[in-house]
2 protein chains.
Amino acid sequence: MPRRSSGRVTLQHIADRVGVTKITVSRALREPHRVSAALRLRIESAIDELGYIPNHSAGALASGRSHSVALLIPSLSNSVFSEIQRGVQEGLSEAGYQVLIGHTGYSILEEERLIDTYLSYGVEALILPGTRHTDHACRLLARARVPVVETLELTETPLDINVGLDQHEAGVAMTQAFLERGYRRVGFLGARMDHRAQLRMAGWETAMRQAGLSAQRCLTTPHPSSYRLGGEMLGSMLERWPDLEAVFCCNDDLAAGALFECQRRRLEVPGALALAGFNGLDITEATAPPLATVVTPRRRIGDVIASRLLARLQGTPLRPSSENLGFQIRIGGSL
Amino acid sequence: MPRRSSGRVTLQHIADRVGVTKITVSRALREPHRVSAALRLRIESAIDELGYIPNHSAGALASGRSHSVALLIPSLSNSVFSEIQRGVQEGLSEAGYQVLIGHTGYSILEEERLIDTYLSYGVEALILPGTRHTDHACRLLARARVPVVETLELTETPLDINVGLDQHEAGVAMTQAFLERGYRRVGFLGARMDHRAQLRMAGWETAMRQAGLSAQRCLTTPHPSSYRLGGEMLGSMLERWPDLEAVFCCNDDLAAGALFECQRRRLEVPGALALAGFNGLDITEATAPPLATVVTPRRRIGDVIASRLLARLQGTPLRPSSENLGFQIRIGGSL
DNA sequence: TTGAAAGCGCTAACAA
DNA sequence: TTGTTAGCGCTTTCAA
C-alpha cells in the first residue's frame with residue numbers, strides 16, 4: 001500500500017489489468033503504431049473500462065512539454081476577440097495544442113499576472129493583445145524563452161512575432177473618408193481609451209490637422225464602451241458643439257449607440273449627422289442605415305497567428321517581425 | 001550534469017543560492033509564517049534575482065491539488081457569459097483558484113472534449129453551461145468525484161450543483177406580457193435553438209395554447225444568432241404571416257435585428273409590430289425604442305456559483321440541489 | 001524553525 | 001515490439 005495516492009486510475013492500473021508495463025500503455029496512447037495491434041486493442045478496452053484519464057501534470061513534468069498555448073484577450077464580451085480566437089484555436093488544436101484563454105479586462109497588470117500564471121503552467125507560447133506590457137511582464141517573457149505573439153496593433157519593436165494592423169493609419173483613412181465627402185466639423189468619440197483607441201484618435205487628429213481643420217471636437221472617457229454610453233456621449237457632444245457635422249467613434253458599439261441617439265432625436269443620419277465606427281462588427285451591417293466602419297481582418301489575424309506560431313514551435317527560427325494585415329473602409333450608409 | 005533538465009530555474013537553484021534546502025524555499029512561498037523573517041527575505045530576493053517561476057505541474061503532481069477550476073462557456077462573443085464569468089472569477093480567485101475558461105461553441109461534443117481535457121489538467125471543479133451533456137461526459141464527471149455546477153437553466157435531476165433560472169417559465173411570462181397588452185397574433189423567432197432557446201419557445205407555446213391562441217407563427221433556424229439574422233428572419237415572418245402583431249425573439253440580438261428591419265420598413269414599433277427579446281443586454285436599453293426583454297440575473301448567477309462552489313470545495317457536503325435565481329420582465333418601449 | 005527521504009504519475013533514454 | 005531505469009520539480013511525512 002503506497003503512502004500517498006490519489007485513488008485515481010493511473011497508467012499502472014491499466015498496465016496491471018492488461019499484463020504489460022506502463023510504458024507500453026503510454027506508447028499505445030502516444031505512438032499507437034509502435035504497439036502491436038492486438039495489444040493496442042486490449043489496452044484501449046482496459047482504458048475504457050477503468051475510465052482512465054491521463055494526468056496532464058505528470059506528463060508535462062516528465063516530458064517538459066505542456067502542449068498548450070495561452071491566448072490572452074481583453075474582453076469576453078467583444079466579438080472582435082472571438083473571431084481571432086476561432087482562427088487561433090482551429091490552427092493550433094489541429095496541431096495538438098490546447099488553447100488556454102485568459103481574460104485581462106484591458107489591464108496590463110492583470111496581463112502580467114496571467115503571463116506569470118500561464119508560464120508556471122508551462123505554456124509553449126503566449127498570444128497577447130496589444131504591444132504595451134508592464135516592465136515586469138517583459139522581463140518574464142524574455143526569461144521564458146517561449147514564442148510570444150503581440151497582436152491587433154503593430155509596433156516597431158516587437159518582442160517576437162507581431163501580427164495586426166496599423167490602427168493609426170486606419171484612423172487617418174476613416175477620417176479622410178469623412179473629409180472626401182465634404183464633412184469638415186468631424187468630431188471624435190472615444191471610450192475605454194486603451195492603446196488602440198488612442199492610436200485611432202491620434203489618426204483622426206493627424207488627418208484633421210493635415211487638412212487644416214480643428215481637432216477640438218473630441219470627447220473621451222476611460223469607461224468601457226457600450227451602446228448606452230455611445231448615446232449619452234453623443235448627447236454631450238451635440239450640446240457642447242451644436243455645429244457638429246460628423247462623428248468618428250472609436251468602435252462600433254459607440255457608433256451604434258450614437259445612431260440610436262440620433263434616431264431618438266430625429267436627427268437624420270447621415271443628413272444631419274454622419275457617423276462611423278471601427279471594427280466592422282455584425283451590427284454595422286444591420287442598423288438602419290448601416291454604419292460606416294473600418295473593417296478589420298480579425299479571422300485572418302487568428303489564422304496568421306496560428307500559422308506563424310506553428311512554424312516557430314516546429315523549430316523555424318524567426319527573428320522578431322511585424323506583419324501588417326491591413327483593413328478596409330466600408331462606407332455603409334451613415335456617411 | 002543531469003541527463004535531462006529543462007534549463008529553467010527551480011526551487012533547488014534558489015535553495016543553493018541561499019544555502020538552505022528546497023523544502024524551506026517551498027515553505028517560504030506557501031507558508032511564509034513558518035519560515036524565519038530573515039531567511040524569508042533572503043529567499044525572496046533570490047527568487048527575484050533568478051526569476052524563479054514555480055512549475056505548476058510539479059506542484060500539482062506532488063500535492064494532488066491544481067488550485068484551478070474550469071468554466072466552460074458556449075460563446076466568447078455573448079455578453080451573457082462574460083458577466084457570469086466576472087462573478088465566478090472574482091469569487092474564486094480571491095480564494096486562490098485559477099479559473100480556466102473553455103469555449104464549447106454550443107456543442108455538447110466539444111463540451112465533452114473539454115471536460116476530458118480539463119479533468120486531465122486536474123481541475124478541482126467544473127462549471128458547465130446548461131444541463132444537457134453527452135452520456136460519456138456524464139460518466140466522466142461521475143467518475144471524477146469533483147464538484148460540478150450546471151448553470152443558466154434548471155433541471156429536476158442536477159448532477160450536483162445547479163444554479164440558474166426557469167427558462168420555460170420566463171418564456172411563459174414574456175408571452176403573457178404580450179397577451180396582457182392585447183396582442184393576439186404573437187409569433188416566435190428563434191436561432192441557434194440550443195436547449196435554452198427551445199425552453200423559451202416551449203414557454204411561448206404553452207402560454208399561447210393556454211390562452212386559446214395559435215402557436216403557428218414560429219420561425220426557427222439552427223444558425224447562430226446575429227443582428228443581421230434577426231432582420232432577415234423577421235422579413236420572412238412578415239411575408240409568411242402578414243397579420244403578425246408581435247414577435248417574441250429568443251434573444252436580444254435577434255430582437256434588435258428585427259427592430260432595425262422594422263425601421264427600414266418604416267414599421268412603427270410597437271404601433272405596427274411589438275417586439276421582445278431575452279436577456280436584458282445593454283443594447284435593449286439603447287435602441288429607439290428600448291426593447292422589451294427578460295432580464296436575467298447573470299452577475300448574480302456568477303456570484304452564487306462561486307459561493308456554492310467554495311463551500312463545496314472547503315468540504316461542506318451538499319447533496320444535489322437546484323437554485324432558482326429568477327428573472328424580471330422589462331417592458332421597455334417596444335411592447 | 002529547518003531538513004531528509006520518499007513519492008506523485010508520467011516519459012526519455014537506453015536495452016533486450 | 002516490449003521492458004528497465006532514472007528522473008522531471010515539487011510536496012508530504014516524519015524527524016530533528
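Every chain is numbered from 1 and lettered A, B, ... according to where its sequence line falls, protein lines coming before strand lines.
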>> I need the B:L109 CG to B:H136 NE2 distance, nearest 0.5 Å.
In response: 10.5 Å
> Starting at the 5' end of DNA chain D and moving along, which residue's nearest nucleotide shows up first, A:V20 or B:S57?
Replying inline: A:V20
> In whole angstroms, how far is the P atom of D:dC10 from the NE2 atom of A:H56?
Replying inline: 16 Å
> Under a 4.0 Å heavy-atom cut-off, which of residues 23-41 of chain B touch DNA chain D?
Replying inline: B:I23, B:S26, B:R30
> When the distance from CD1 of B:I47 to P of D:dG9 is rounded to whole Å, what number comes out?
Replying inline: 16 Å
>> Once ring-ring contact (aromatic ring centres under 6.0 Å, His included) is applied, what residue pairs with a partner in residues 32-91 of chain A remain, sequence neighbours excluded?
In response: A:H56-B:Y121
> Starting at CZ of B:R42 and ending at P of C:dT1, how long is that distance when rounded to a whole Å?
Replying inline: 16 Å
> If only side-chain N and O atoms of B:T21 are considered, is one of them under 4.0 Å from the OP1 or OP2 phosphate oxygen of C:dG3?
Replying inline: yes
> Can you check the A:R65 CZ to C:dA12 P distance for me, whole Å?
Replying inline: 9 Å
> What closest approach, in Å, do A:L119 and B:I53 show between heavy atoms, and which atom pair accounts for it?
Replying inline: CD1-CD1, 3.8 Å
> Atom CG of B:D16 and atom P of D:dC10: how far apart are they, to the nearest Å?
Replying inline: 12 Å
>> Whole angstroms only, please: what is the CG-P distance between B:L61 and C:dG7?
In response: 14 Å
Show me, pair by pair, the donor-acceptor contacts under 3.5 angstrom made by side chains of residues 139-150 of chain A, not counting sequence neighbours?
| residue | atom | partner | partner atom | Å |
| --- | --- | --- | --- | --- |
| A:E150 | OE1 | A:L159 | N | 2.8 |
| A:E150 | OE2 | A:H133 | NE2 | 2.8 |

> When the distance from NZ of A:K22 to P of D:dC8 is rounded to whole Å, what number comes out?
Replying inline: 15 Å
> Does a side chain donor of either A:E153 or A:T131 reach within less than 3.5 Å of an acceptor in the other side chain?
Replying inline: yes
> Any salt bridge between B:E83 and B:R86, counting N to O under 4.0 Å?
Replying inline: no
> Can you tell me how far P of C:dT11 sits from CG of A:N55, to the nearest Å?
Replying inline: 9 Å
